[in-house]
Every structure is written in structure tokens, then in C-alpha cells.
Amino acid sequence: MNLRRVVVTGLGALTPLGNDVSSYWQGLSSGVSGAAPITRFDADKFRTKFACELKGWDPLDHFDRKEARKMDPFTQYAMVAADQAVVDSGLDLDKIDLDKAGVIWGSGIGGLYTFQQEVQNFAAGDGTPRFNPFFIPKMIVDICSGHLSIKYGFRGPNFVTVSACASATNAIIDAFNYIRLGKADVMITGGSEAAVTEAGVGGFNAMKALSERNDSPETASRPFDKDRDGFVLGEGAASLILEDYEHAIARGAKIYAEVAGGGMSADAHHITAPHPEGHGAIKVMKNAIEDAGMPASEIDYINVHGTSTPLGDISESKAIKEVFGEHAYNLNISSTKSMTGHLLGAAGAIEAVAAILSIVNQEVPPTINHFTDDESFDPKLNFTFNKSQKREIRAALSNTFGFGGHNTSVIFRKFDQ
Amino acid sequence: MSEIAQKVTNIIVDKLGVEESEVKPEASFTNDLGADSLDTVELIMEFEKEFDIQIPDDQAEQIATVGQAISYLEANAK
């Protein structure tokens, strides 16, 4: 079966490091932390009092009041990031076949803020149900792709993928596959998350998943450091426009990179803990490399899941050594979560954008906040600690793993006609 | 404008994102002020909250214009 080639022709990003693609890359390449004390709510009684929130975010800069009220923040972020990507792609919506244009978005949770608010209102009352009629359509996780299809008139494949922190990578792989199979010419994909709420922080705190380094938020996310103590919650969105290669060439589109392949696997092990030997992580990277039909030795950069949790970082680094063998020492590894925090279901989207920009700029963004080596990690692996590194990047792989044992990897390759 | 009429107008301006000058007594929520069925439900709920009353469904269905809302509330508000 002949599969079509798929290229990336538009990017959008709304991140804790910056509210567009260029400021996001500026933050990544210069090694800036997006963490700061929580402003969304009073976190005084919470074990973790900081997060990687968006900076200078006001929905009314992007939506009128009526529109803004009908969207949970996770949808607002999606609309803004996707719009940047559509504009960036230069697509002329009057000239494309809208029946072959679709939206596949990813989010781990959906409208957590809306859910929390409505349930709080109900609990504070006398038991009379007075739920807002927009409660359900604001909260449900699939509403993002619905809003995007309405805005752009895209009538092709349309849904949202949910696989916790792997959600957006699943969305990207699905969008890639529909184009490869000829079911769509153009897809808006990506992911968004807005879980910096009392329920989000309190819930992850209860699992002891979050860093509690309240005296130094900006150094709290420290993947692969001996003193890492959990992830830092982030929020935001990123979007990619994926397009059939011929379609992109025919309209003279600018091409950032080619989507080379995607892989999926499950740990089949535990609801939240990674497999200690990284079996699922090994399998998923192998699947992606096989799907791309390229030698593993052409991958020069791995944007790891690397959340800064004690166990996850170890199993992932073991998996990389297993999959890449000697080449593991030639490639660069970095966790951009050291800067952005962990955007949960949107992580795969902002990290795909980081991987693509690393190819465009031939520069590996760093794993910041490295202070103390941990003997659990092979010292010959290059984690790109503290400072970005210029180097040849022929292809970059992005890993994301989610609670439930979901694993996803996607590979982007430098575009070559 | 009565106090009730002013409150009703403020709610409509807020929820439907329209200009106060558009909120005329004869204006229909759906035909003139851009409300969909969910917006209309939300408006009724806001009236209930603001005026501390319960509007039964069969009566809520009769409230389709600004003027009808004001008259209903002037007659029924506590």
C-alpha cells in the first residue's frame, strides 16, 4: 500500500515560556524556567504552591465576552494556538477541499476548571440542581475539535484523543495517519490543557506526583538530577498543521519538517507507575523507528518524556540505551519540561513543536536545573544539561507517556525534497 | 426605566454580549439578539437567580422577548 508523505506546514504555541512560537523557542534555547507562584487561585494551603502558568494571558485579548464565557480555558488555549498555526501555514481556506480538512486534538482532562466550578456551585446550594446549560458543552474534552471545525469549516475527520500525558502525541499520530491513508489533505492537530486549578493541583499533590520545592519554583523541574522530587504542573497549548506533501508543494507552502513515523504501545503494568525496565518505552520507540523506515542512527535528538519524577526518568533512560545501543551516546537527549513544566495532555504538542524547531534551528534545547549527578544514569548519555547545544539534527524523536501506561513516540525528519 | 427593567437589561447585555441600545422591549432573544437555545436557558436561570424566583418551564417558554421578560418579572418578582 502506497502511503502519502506528510509534512508540517504551520505551528502555533501558547506556553509558559511565551505566547507564540518565536518567544517559545527563545525561551527554550536560552534555558528559561516558566515556573512561578500560582496566581490562578490561593494555593496557600496546598503542598505545592507554584506551577508553570501562561504569562499575561487574558482571554478577552482573543475572544469577545460572550464567546469567552462559553469556553473552558483548555478550549480557549486550543483556539489561540490553532489560529496561530493556521495563519502561519498560509492556507487559503477558500481554495482547499474542506471535506478533506480535519481536526484531531489531544487533551488529558478537558474542562477541569468548569467541572470544578459547577460542582462547587451545586455543593454550596440547597440541593436544587442549577447547573449552567453550558456546563456540559464547556467541560467535555472533545469540544475543542468541535469549536475548531466550526471556526474553520473543516468537515473532515474530527475528534479528540485522550491518553493522559500522551494525548497530544496520539492526536499527532492519528492526524498523520489519516493524511498518509488519503483520508484527509490537511489536519489541524495539537493539544491543550488547563489544569492549574484547586482540583488539579490538589489531585496531583495527593498522588505525590508534584515537586514541592516551594522555596525555589524555577529550579523545581530538574529531570535527571539526583534531587528531582516530582513534576511541575504546566498549562497551555500548541498546534501543528500537517499536510499531504503534494498538497503542500502544489500551493508553495513553507515546510518545517516531515513527519517520519509514529509509534504506540502500552506498559500493561500499573495505572501510574512506569514499567521499571521501560518495556513499554522500548517498544514504543522501536515501533516509531520501524514505522519511519529509517535507521535508528539517523535520530540525533530525543525530546524525552522526562518529567522529573524519581522513577520515570530512570526507566526512560534505560529504554533509550536498549533501543539505540551505542548510538545512544552520539545523540542528544533533553527534557524541555525542565523549562515548561508538564502540560499533561498538551505535552506532546508543545514538545513536538520543540522537536521540529530543534531541526529547523539545528540546536538542541537544554535540560535546565542540573545540579547533582545521579548514579542511576549512565554518565556517557548526553542529557544536554543546562545549556543548549548546536549540532546536526537529521531527525528528532519525541516521547510522551501517560498514566494508564500509554506510550507514544513521534519522529520528525529534516525536510528534504 | 424601572429598576427591574434595568436589571434585566444588564443581564442580557452581559450574557449575550450585545449593546444596551439593542435591548429594546420588542427585541427577540433568538431573532434579534443572537441567542441560541442554551443562551435562552441561561438567561432564564439568571433571571431566577437575580430575582430569587422559580420560573416554571411552561412559563419560561413564553418569554421570548425583552419586553415579555420585564413584564413577567414585574408581575412575579418578590
Side-chain angles (χ1 to χ4, degrees), chain A residues 57-76 78-80 83 110-111 113-153 155 158 160, chain B residues 4-24 26-66 68-70 72-73 76-78:
Chain A
W57 165 256
D58 183 352
L60 297 181
D61 292 342
H62 306 276
F63 309 96
D64 66 40
R65 216 151 31 87
K66 184 184 171 196
E67 242 183 335
R69 237 170 17 82
K70 293 181 179 180
M71 291 180 205
D72 184 88
F74 93 105
T75 301
Q76 296 173 354
M79 298 296 281
V80 170
D83 196 58
Y113 173 76
T114 298
F115 186 81
Q116 180 189 300
Q117 205 180 31
E118 288 288 327
V119 173
Q120 271 176 333
N121 285 346
F122 175 68
D126 64 0
T128 309
R130 301 179 62 80
F131 291 95
N132 189 285
F134 294 103
F135 168 31
I136 300 295
K138 273 173 80 173
M139 179 266 294
I140 52 180
V141 68
D142 60 286
I143 206 71
C144 270
S145 64
H147 273 291
L148 288 166
S149 71
I150 293 163
K151 177 162 182 184
Y152 299 106
R155 297 184 295 255
N158 189 289
V160 164
Chain B
I4 286 179
Q6 187 59 57
K7 282 182 175 170
V8 166
T9 303
N10 293 347
I11 289 171
I12 294 169
V13 166
D14 179 49
K15 295 295 173 191
L16 301 184
V18 292
E19 295 296 327
E20 187 165 337
S21 59
E22 298 173 70
V23 188
K24 297 176 184 136
E26 65 277 17
S28 150
F29 299 136
T30 50
N31 297 333
D32 302 315
L33 300 175
D36 62 20
S37 58
L38 295 181
D39 290 317
T40 313
V41 175
E42 195 184 29
L43 274 183
I44 297 293
M45 286 181 61
E46 280 302 310
F47 297 149
E48 290 181 329
K49 196 164 117 193
E50 178 67 36
F51 298 101
D52 192 23
I53 56 168
Q54 294 288 331
I55 306 177
D57 283 353
D58 58 336
Q59 292 175 34
E61 282 163 17
Q62 305 302 314
I63 302 174
T65 68
V66 175
Q68 286 163 354
I70 293 170
Y72 181 88
L73 292 164
N76 293 282
K78 288 171 187 165

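Residue numbers begin at 1 in each chain, while the letters A, B, ... track the order of the sequences. Just so we're clear, the structure is a prediction, and the values are computed from it rather than from any experiment.
With a threshold of 4.5 angstrom between heavy atoms, A:F131 approaches chain B through N, CA, C or O but not through any side-chain atom. In this structure, the portion of A:R69 lying under 4.5 Å from any heavy atom of chain B is its side chain and not its backbone. At a 4.5 Å heavy-atom cutoff, A:D64 makes no contact with chain B through either its backbone or its side chain.
Residues B:E20 and B:Q6 meet the side-chain proximity criterion, which asks for heavy atoms closer than 4.5 Å. Counting only heavy atoms from C-beta outward, the side chains of B:I53 and B:L73 approach each other to under 4.5 Å.
Nearest heavy atoms, A:Q76 versus A:M71: NE2-O, 3.2 Å.
Side-chain atoms of A:D72 never come within 3.5 Å of backbone atoms of A:K138 as a donor-acceptor pair (strictly under, hydrogens ignored). Within the 3.5 Å criterion, the main-chain N or O of B:Y72 finds a donor-acceptor partner in the side chain of B:N76.
If you check the side chains of A:Y113 and A:Q117, you find a donor sitting under 3.5 Å from an acceptor.
A salt bridge links A:D83 with A:K151; the closest basic N to acidic carboxylate O contact falls under 4.0 Å.
Heavy-atom neighbours of chain A within the stretch residues 43-51 of chain B, taken at a separation under 4.5 angstrom, comprise B:M45, B:E48, B:K49.
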